[in-house]
There are 2 protein chains.
Amino acid sequence: MSTTRRIGTETSQTRTALLDATERLMLEEGYAAVTSRRVAARAGLKPQLVHYYFRTMDDLFLAAYRRRAEQGLERLDQALEAPQPLWAMWDLSRDPRRTALTMEFVALANHRKPIRAEIAASAERYRAAVRAGVDTVLERYGVDRRRYPAIVCTVMMMGVAQILVIEEESLGMATGHGETVAFVEQRLTEIEGSRQAAADALASA
Amino acid sequence: MSTTRRIGTETSQTRTALLDATERLMLEEGYAAVTSRRVAARAGLKPQLVHYYFRTMDDLFLAAYRRRAEQGLERLDQALEAPQPLWAMWDLSRDPRRTALTMEFVALANHRKPIRAEIAASAERYRAAVRAGVDTVLERYGVDRRRYPAIVCTVMMMGVAQILVIEEESLGMATGHGETVAFVEQRLTEIEGSRQAAADALASA
DNA sequence: GTCTATACTTCGATAGAC
DNA sequence: GTCTATCGAAGTATAGAC
C-alpha cells in the first residue's frame, strides 16, 4: 500500500525499447510469451525495468496497444482518402503484421477483463470509422446500399481479410485463399475499377 | 533419460476429467491459463497427475485437440447429410463454443511449433471435406461453380461465421453482425430456400 | 496401474540504492 | 529520474511410494 511508488517518464528511450520488444514478442511467440523477464531480455535490459516503466503487465499491454491503435486510425484515414479507397482498405486489412498483432491483442482481451474493455471500445471506434468511409465511397459509386449496406461490406471485407491472415500466419494454411482473394478482388474491380498500383505506404511496417 | 517412465491408461476416468478441465479452462480463460496446477485444480486432482497421464503440457493439448477434431468431422458429416446442407453448415460454423475453442487452438498453434503441425494438418482435412460437400451441394442446386467456386463459398462462409464469433466472444462486440448475418442468410435462402427449422443436433454442446 | 514427494525454473512485483 | 537486490508464488517435470 505504499502510495509513493514512482514510475518512468513517457518520453524515455528505455520505455520505447520495452514497447518495441513487447510487440516483437507478441508477433513472434504470442502474448503469452510476454513476461517481464523476456521483454527485458529482448530489449537488453533488466526485468525490473518493466515494472518501473509500466508497473503491471497489463499496463504494458495497454501502452503497447494504444500506440498501435492510434497508428491504425491514421492509416485508415489515409486509405479512405486514396484514389481507390476500397482497394486501399482491402490492402490495409490484408497487412499480415498489423492483423497478426491485432488478433494477438484480441486473444489477450479474451481473458484479461481490464484490457478487454479498452480494446473493445477501440475496435468499435475503428469499425464506425470504416463504415462511415465505406458508406461515402459506395454512395459516390452509386452502389445500391439497401441491397449492399456499407456495414455489411465492411464486416465481410475486413473479416475475410483477417481470417486469411490468421490461417496463413498461425497455421501456414492457404488452401482456397488464392481463389477467395481473386473473388473479392473481382467484386472490387466491378465497383472501383481495376487496381491502379501505387500502394506505397504499406511497405513500411 | 530414464526410458522406463510409465503413463496412465487412455480409458481412465481421471484422464477424461483432466481433458474436460483443460477444455473448460481454454474456453473461459484462454490457452495460457492451462497450466498443470490449474487444470488439476479444476478437476479436483493433484497437479502431478497431469504429467502422469500426459507427460508434457503439449501432449495434453494435443489429446484435447484430437478429441474435438474427431467430433468436428462427425458433425460436419451430419450437416452435409441434412436436408439443407448449406444452412446446417452455416449453423455449425456459428456455434460459439466450437469456434471459440478452435480459435484458442489456432492461437496456441501459432507459437507452439510441435502442435502447429498437427492442427494445420487437421484443418486442411476439414476444409477439404467441407469443400467437397459444398461442391456436391452447389452442383445439385445448379449453381454456376465457375462464377461461385465451392472453395470460395467455403472459405467465405466459414470465415465470416468465425470472425463474428471471435468478435462477440472475445470483445463482446456485435456492431454490424445482425446485418451481416441477414445478408448471408438471404444468399442462403436464394440458393437453398428459406430455413426449415429443426436444427436439433446443435443444442448439445 | 495410480498417485505423491520433491527438484528446479521462471514468474510478477516491491522496496530501496544510486 | 533511473535502475537493482530480492521475495514469495506459480510453473514444468521426474523419481519413486503405494
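Model, not experiment: these values are computed from the prediction.
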Between N or O atoms, less than 3.5 Å apart, protein on one side and nucleotides 16-18 of chain D on the other: list the pairs.
from	atom 1	to	atom 2	distance (Å)
D:dA17	N6	B:Arg6	NH2	2.9

N-O pairing of B:Arg68 and B:Glu104 below 4.0 Å:
no
Using a 6.0 Å cut-off, check whether atom CD of B:Glu28 has over 12 heavy atoms from anything other than its own residue.
yes
On the nucleotide C:dA13, are OP1 or OP2 found under 4.0 Å from the side-chain N or O atoms that A:Thr56 carries?
no
To the nearest Å, how far apart are B:Lys46 NZ and C:dT6 P?
12 Å
Does B:Arg15 reach a base, just sugar-phosphate, or nothing at all? Heavy atoms under 4.0 Å.
nothing
Can you tell me how far C1' of C:dA5 sits from CG of B:Leu49, to the nearest Å?
13 Å
Within the modelled atom types, does a donor on one side and an acceptor on the other bring the side chain of B:Gln48 and the base of C:dA5 under 3.5 Å apart?
yes
side-chain contact (heavy atoms from CB on, under 4.5 Å) partner of B:Leu188, the single match among B:Met157, B:Met89, B:Arg195
B:Met157
Using a cut-off of less than 4.0 Å, is there contact between a side-chain N or O of A:Thr35 and OP1 or OP2 of C:dC11?
yes
Respond yes when some side-chain nitrogen or oxygen of B:Ser36 is under 4.0 Å from OP1 or OP2 of D:dG11, and no when none is.
no
Rounded to the nearest angstrom, tell me the gap between atom CG in B:Asp58 and atom P in D:dG11.
16 Å
